[in-house]
Amino acid sequence: MALWTDATAIATAVQQGEITAQAVVEQTLQDIDQRERALNCFTTLVAERALQQAQQVDQAKQAGLPLGPLAGVPFAVKNLFDIAGTVTLAGAKINRDHPPAPQDATAIARLEAAGAILVGALNMDEYAYGFVTVNQHYGATPNPHAPKRVAGGSSGGSAAAIAAQLVPLTLGSDTNGSIRVPAGLCGVYGLKPTYGRLSRAGTALFSASLDHIGPFARSVRDIALSFDAMQGADARDPVCTELPAVPTLPTLENGLDDLHIALLGDHFERGMQPAVAAALAEVTIALDIAQKVVLPDAARARAAAYLITASEGSQLHLPRLQTRLMDFDPATRDRFVAGAMIPQSWYLQAQRLRHWFQAQVRAVFEQVDVLIAPTTPCVAPFIDQETMMIDGEPVLVRPHLGLYTQPLSFIGLPALSVPVWQAGTLPIGVQIVAAPYQEAKILRVARWLETHQVIAPSPYGASVKED
Amino acid sequence: MTAPEQTDEPLDRFEVETYVEQMAQLLGLSLPESVQPSVAENVVRVMAIAQPVLEFELPDTIEPAPTFKP
């Protein structure tokens, strides 16, 4: 079991010479080896590369050279990130036939430039099309707090590896909620930055109009540190912003003073389990929120996000649907095929609605700085659960998990899922949302909540009521 | 621009199985019989999801957002 609390603690210990990067990496690899069988988070380990990288960090330390802010921090990535010399699986059996990636994804290169050490790749839903990480080819990644339940998805391995403390830092991708949903269900922090803020170069895309990448961690400072390390323009990603990086770490302790925070109403307050409502109330009361705002037609926005995702994802995978149909995971196959049959005018209407919705939400952000909403409408469902009761009505579990995340990623808003934990209960996430490029404001609010012990990662190994 | 309305009569006229069969041909997809019912089910689900998007009247001045900059 890991002795560290978070990535920052490891980096500080390595920088101060209290521990070597090699010792950290050896312990991490050993820990993964012992516990991975039950957790099923990893699909690939790059032990040799990790040890070499650790030696480089230790040599730099011995030579008196300055170390990066993430020196010696082991991290892992969703298996849709390119790792040089490794096949990028993207959760698919089909991709096993691909050649190894020629170079690392930009995000990996940037974390390593800051001293972090890649140890492996993590499980996900096939081609990122799912909210559960139940994968026919690579197995289900169970929720580390309740093994009969899902970890959430599609970046389920990324969230579960943090929840089980296999590594202190991971990366995932989010098209409709695939970072925030598993972060919420596993009780960890998961940041989906502004669309285009972080380079997606070297990641297998799903729906390019909506794809984002971002970090998972156990503390707000780790999210800030890793996010800052990955910011910056990248010619390899056509949507990566050329706006200057805005570091979030320097303002992390600035508190709430000048921030106007509101609760999201209407769509975002309907259809949740009582436990989710209670967690949301805890955050709302702590922040002393008196105002509620409405994003007009959020449900319609969510539907449009679905049409764009299905159309783009299906078009991207059409050549494989034509030639390798029965090698797809049945959980994604029929949705991809149906998505390929969506009329183009429906897709374009959805893309036009996106512009309209963006303008409506911009007006909202003239009145407020930060918005609060639940991450998911429920706690982690059971792995084989198909329906759940919401307001006395049965609803399909899997698509419903994105109820509160999809309208926000639809227009590229930055959102952090923070963990609300109460003893004996399953984890619940709350989203902190801001206007585009205002990640610093989100992290200030999160840090304030963390300092006041309103939010914290669910302790791994604590007993949870499983039903 | 509207999808087939969710009323009995137009849905009676829209044959989802035929649509799936014809579109599969157009897209170069060879769908085994075992897969077709589930694809049809998913097409019907997409039709229902699309309805509120399609019935929403947008001014002509609203452009699509293919390269989106928030």
Side-chain angles (χ1 to χ4, degrees), chain A residues 194-197 208-210 238-239 241 243 297 299-308 310-311 314 318-319 321-323 325-326 330 333-343 345-359 361-362 396 399 411-414 435-437, chain B:
Chain A
T194 308
Y195 179 71
R197 175 81 269 187
S209 293
L210 302 170
V239 304
T241 184
L243 293 171
D297 287 290
R300 224 186 286 275
R302 180 180 175 226
Y306 183 92
L307 293 178
I308 292 172
S311 302
S314 301
L318 189 59
L321 293 168
Q322 287 164 335
T323 55
L325 184 73
M326 299 315 276
R333 181 192 59 214
D334 303 340
R335 285 185 295 147
F336 274 129
V337 172
M341 298 177 176
I342 293 174
S345 61
W346 296 15
Y347 171 77
L348 286 169
Q349 171 81 355
Q351 283 286 17
R352 289 178 63 212
L353 188 86
R354 190 173 181 214
H355 246 163
W356 177 86
F357 188 60
Q358 178 195 33
V361 176
R362 262 194 194 146
L396 286 174
I411 48 166
L413 301 179
Y437 305 109
Chain B
M1 178 177 53
T2 54
E5 285 177 27
Q6 303 297 297
T7 59
D8 286 349
E9 198 195 340
L11 264 188
D12 281 349
R13 290 205 299 270
F14 180 74
E15 292 172 351
V16 66
E17 291 81 8
T18 310
Y19 182 76
V20 166
E21 195 187 319
Q22 296 281 303
M23 279 299 281
Q25 212 171 331
L26 196 62
L27 291 165
L29 293 169
S30 163
L31 299 184
E33 269 181 39
S34 61
V35 168
Q36 286 173 17
S38 168
V39 171
E41 204 176 293
N42 276 284
V43 169
V44 169
R45 200 170 288 154
V46 174
M47 284 165 55
I49 290 170
Q51 200 57 35
V53 177
L54 304 179
E55 71 192 13
F56 191 64
E57 282 186 31
L58 287 165
D60 287 354
T61 50
I62 300 286
E63 294 179 36
T67 307
F68 189 70
K69 292 193 190 297

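Lettering of chains follows the sequences in order, A, B, ..., and the numbering in each one begins at 1. Hydrogens, waters and symmetry mates are skipped; everything else that's a heavy atom, side chains included, is used.
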Which region of [X], side chain (C-beta onward) or backbone (N, CA, C, O), has a non-hydrogen atom less than 4.5 Å from a non-hydrogen atom of chain B, or is it both or neither?
X: A:Leu321; result: both
X: A:Leu307; result: side chain
X: A:Leu396; result: side chain
X: A:Arg333; result: side chain
X: A:Ala310; result: neither

_What I'd like to find out is whether the side chain of B:Glu55 reaches to under 4.5 Å of the side chain of A:Gln349, using heavy atoms alone._
no
*For residues 43-53 of chain B, pull every pair meeting salt bridge (Lys or Arg N to Asp or Glu O under 4.0 Å), keeping only residues two or more places apart or in separate chains.*
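Listed once each, the pairs are B:Glu41-B:Arg45.
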*Kindly say whether A:Tyr437 contributes a backbone atom to a donor-acceptor pair with the side chain of A:Thr194 at under 3.5 angstrom?*
yes
Distance-only check: which donor-acceptor pairs under 3.5 Å involve side-chain atoms of residues 22-35 of chain B, not counting sequence neighbours?
none

*What is the distance from atom CG of A:Asp297 to atom CZ of B:Phe56, rounded to the nearest 0.5 Å?*
4.5 Å
*With a 4.5 Å cut-off on heavy-atom pairs, point out which of B:Asn42, B:Val20, B:Val46 contacts chain A the most.*
B:Asn42
